[in-house]
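Counting starts at 1 for both ligands and their atoms, in listed order.
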Amino acid sequence: MSSMTADHLTKQAEIYLDILCNDLPNRRVGSRGNRMATDFFEDSIRAFGFKTEQQRFDCMDWRFGDVKLTVDSQSFTASVSPYSLGCDVQGPLAVVSTVEELQRAGLTEKVLLLGGDITKEQLMPKNFPFYNPDEHKQIISLLEDKKPLAIVAATSRNPELAGGLYPFPLFEDGDFDIPSVYMKDIEGDRLAKYVGQEISLVSEAQRIPMTGCNVIGRKGLDPGTRIVICAHIDAKIDTPGALDNGTGIVVLLLLAELLADYEGRAEIEIVAINGEDYYAASGEILYIEENKGRFGEMMLSVNTDVAGYHEGSTAYSLYTCPDEIAASIRNTFSESGTMIEGEPWYQSDHSIFIQNGVPAMAITSDQFMELSTYITHTPEDTTDIVDYSKLAEIALALKTLILDLDATLA
Ligand SMILES: [Zn+2]
């Protein structure tokens, strides 16, 4: 690799990430920052000669304010669940900690405190299409049948399913209409002592209908032979989303510049997908719909998420890649010396392609597990922890890989 190019790309990476994470407001789906980010992305890749398309969808933005929770002149600390409706309710406090207790409980006109076993993991949004365990669906439907006035969820630390948040919101679902708030388990223990007593819960929140879009850039002669390079552009509410996933978008922007003169046969499709961290995964669902019956055209898909952490190495993993493609990837990526082949993982957009039979590659940091425990989905996910040269290195390797794959079509 020419060091001129690597230096130039490293500088560009810093400029791009600074815009995405520091200049623009939060990139949650439906927000102004999200729309500014998709516009910025579209303008940038168009400047490198890509033909662009916006795939639009309806979604929801959400604003929130304070929670006031009081019993017997005691106040408790809680936050509104993301995408919850607000409320102003008074009623006796009911306490439930298992599914069996929930089945037996009468909750009409009551405020429900959930804690213990039943709140051990975040409940999947009720209409989430990709992964939705029966136990979660059962809890949601029991709650909807029993119609408590509102729900207070007391949660512990559970990094695997909620990122590094303590407490984590049990509900994060714009399709679930019982108002809810969440608090730390220790605060829940304090509140549980008031079972049966009159509780007052006031929370401010508002759902706002909006639109969002995926942005797709294309270049190359044959749309029947595609190489798809994607990353999600949205971020969790109130997080800068540097590693998750500003860096993935930066890789796409660097690659677009590297392919400014590309004239190969394979169509290169660069996709900023919008919804990986959104309860309804709207961008993912739309992308699948738009590609129904056409996933067979894809030679390879590459997804980048949580890459470029300043410590450790970039890790890539392969999913059902034919031997020649796998060999080409391994040659290109191990040549650089600092990227390694890591464990398979499934918690991001490469799953879309795997489920539709497309050979897939995922690029992340080898410290992915630790990062999703303490950093991603928190305000700590800032540009300070990014190594820009790693992003340049990924983009350069992707360009080499694309030219290699395209050469096999000649
Ligand atoms: Zn992500």
Side-chain angles (χ1 to χ4, degrees), residues 16-17 20-21 24 26-31 33-34 37-38 41 59 82 122 124-125 128-131 159-165 168-169 172 212 214-215 228-253 270-285 287-288 301-309 312 314-317 319 342-355 360-383 385-386 390-391 394:
Y16 288 141
L17 197 69
L20 288 165
C21 303
L24 301 187
N26 171 245
R27 303 189 307 277
R28 67 183 179 277
V29 170
S31 69
N34 186 274
T38 48
F41 182 81
C59 57
Q122 188 170 43
M124 294 310 291
F128 190 72
F130 300 119
Y131 161 79
E160 258 178 51
L161 287 149
L165 289 178
F168 65 86
E172 184 168 338
N214 297 327
V215 178
V228 180
I229 315 286
C230 74
H232 75 85
I233 196 164
D234 60 308
K236 275 281 178 201
I237 290 179
D238 277 348
T239 74
L243 290 173
D244 189 13
N245 185 26
T247 54
I249 291 299
V250 168
V251 166
L252 299 187
L253 293 170
I270 290 184
V271 186
I273 200 156
N274 204 346
E276 207 271 333
D277 277 323
Y278 180 58
Y279 72 89
S282 309
E284 280 73 4
I285 290 173
Y287 185 82
I288 291 168
S301 64
V302 180
N303 175 43
T304 303
D305 200 355
V306 192
Y309 185 48
T314 297
Y316 64 91
S317 47
Y319 310 81
E343 294 297 306
W345 56 291
Y346 296 91
Q347 303 95 312
S348 183
D349 289 328
H350 46 291
S351 301
I352 294 173
F353 299 94
I354 298 168
Q355 283 169 12
M361 171 182 190
I363 302 174
T364 186
S365 300
D366 65 349
Q367 320 218 347
F368 174 79
M369 275 316 294
E370 194 188 315
L371 290 168
S372 55
T373 305
Y374 299 107
I375 305 289
T376 62
H377 302 182
T378 80
E380 308 297 309
D381 184 11
T382 66
T383 53
I385 53 174
V386 172
K390 285 178 174 149
L391 305 180
I394 295 168

Atoms of protein origin (N, O or S) under 2.8 Å from the Zn ion (ligand 1): His232 NE2, Asp244 OD1, Asp305 OD1, Asp305 OD2
Do the side chain of Asp349 and the main chain of Ile273 share a donor and acceptor less than 3.5 angstrom apart?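 Side chain of Asp349 to backbone of Ile273: no pair is present.
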Side-chain donor or acceptor of Thr304 paired with backbone N/O of Ile363 under 3.5 Å: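 Side chain of Thr304 to backbone of Ile363, a donor-acceptor pair under 3.5 Å: no, none is there.
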Aromatic ring pairing His350/Tyr319, orientation class (parallel under 30°, perpendicular over 60°, tilted between):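 Plane angle between 30° and 60°, so tilted.
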A side-chain contact here means heavy atoms from C-beta on lying under 4.5 Å apart; do Ile288 and Ile285 qualify?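 Counting from C-beta outward, Ile288 and Ile285 never come under 4.5 Å.
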Side chain to side chain contact (heavy atoms under 4.5 Å, CB included) between Val306 and Thr247: does it pass, once the steps are laid out? CA-CA 7 Å; Val306 192; Thr247 54; over 6 Å; no
Measuring from Ile375:CD1 to Leu243:CG, what's the distance to the nearest 0.5 Å? 8.0 Å
